[in-house]
Amino acid sequence: MLIIGPHLSIAGGFKKAGEEALKINANTFQFFTRNPRGGKAKAIDEKDVAGLKTIMDNQGFGPLLAHAPYTLNMCSAKPETREFARMIFKDDLMRLEELPCELYNFHPGSHTGQGVEKGIEWIAEILNDEMWADQKTMVVLETMSGKGTEIGRNFEELKLIIDRVNLKEKMGICLDTCHVYSGGYDVVGNLDGVLEEFDRVIGLDYLKCIHLNDSMMPFGSNKDRHEKIGFGTLGVEAFKRIVTHPQLKSLPFFLETPQENTLDYKKEIDLLRSF
Ligand code: FE
Ligand code: FE
Ligand code: ZN
């Protein structure tokens, strides 16, 4: 059974997000841990969380994915930006201990001119300071499209981060199909080759989840603009190969495609399930 769901708002609570997922044939979802721009997180309501947990148990949900705010930049040249990122990262990890969610995805960040090596040092420093050995959460780095000074534009940069982290068993990768395609990995024409390269550079054991997005931008453009499944430069056949690939099909898939409202995800989920 394919594990798939969209990005959902938790503004109305976790239980409500679980109910919304059910309505659109999803068996997981992704959510922002707080306002995507990085505001204060809402207090956790235990009853609400228990309600989601019941839905997940009864309906056989796969793992949920928490996404850190976009403003979190662990490797900025500005110390106050790095400290803000550290605070959010730590607070998110502690809150996740109370939630039925084992995966926490964040963007490695932008080095803002200091160079990749320095940026990776900053990222690893925060991860090593703030992660702890028996934490419940797996921290996953997202593959990025490589715009500006973004770190994580290729598998090598992500591998360099993992290399510097002490708790490697708590680290993973989230592969974003839109980002890697615009980053120059041909998941349309040569999916097997890309996965072989991933395995050689990082190791497929580190691959924990997939962001399933089509792209508005051409191959190798380093531009990050998501498109609905089948309406972009990747195309529907590429997604058929991705969700049925023997090395991918049992991973959780998360849609971050642009939709008018949540119910519109049902079409995409039903299509992907039909494969
Ligand atoms: Fe992301
Ligand atoms: Fe993504
Ligand atoms: Zn994106």
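All heavy atoms count here, side chains included; hydrogens, waters and symmetry mates do not. One-based numbering, in listed order, for ligands and for the atoms of each. In this text the structure is predicted, and so the values were computed from the model without any measurement.
With Y104 as the partner, the side chain to side chain donor-acceptor pair (under 3.5 Å) test is satisfied by one option alone out of T33, T137, D92: D92.
E142 contributes OE1 and H67 contributes NE2; the angle these two atoms make at the Fe ion (ligand 1) is 100°, rounded to 10°. Here the angle centred on the Zn ion (ligand 3), running from NE2 of H179 over to OD1 of D224, is 90°, rounded to 10°.
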| task | Start with the C-alpha gap between F254 and H7, add the side-chain angles, then the distance that decides, and say whether ring-ring contact (aromatic ring centres under 6.0 Å, His included) holds. | result | CA-CA 7 Å; F254 300 91; H7 181 94; 9.5 Å; no
| request: Mind running salt bridge (Lys or Arg N to Asp or Glu O under 4.0 Å) on K23 and E19 for me, showing each step along the way? | output: CA-CA 7 Å; K23 275 189 225 154; E19 288 165 350; over 6 Å; no
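The shortest heavy-atom contact between R273 and N25 is NH2-O, 2.8 Å.
Among the atoms of H107, an N, O or S atom is found under 2.8 Å from the Fe ion (ligand 1). Residue side and main chain included, H226 places an N/O/S atom under 2.8 Å of the Zn ion (ligand 3). The Fe ion (ligand 2) has an N, O or S atom of H211 under 2.8 Å away, backbone or side chain.
Per residue E256, closest N, O or S atom to the Fe ion (ligand 2): atom name OE1. Within D176, the N, O or S atom at minimum distance from the Fe ion (ligand 2) carries the name OD2.
Under the 4.0 Å criterion applied to side-chain N and carboxylate O atoms, E130 and R86 are assigned as salt-bridge partners.
A perpendicular orientation is assigned to the rings of H107 and H179, their planes being inclined by more than 60° (bins at 30° and 60°).
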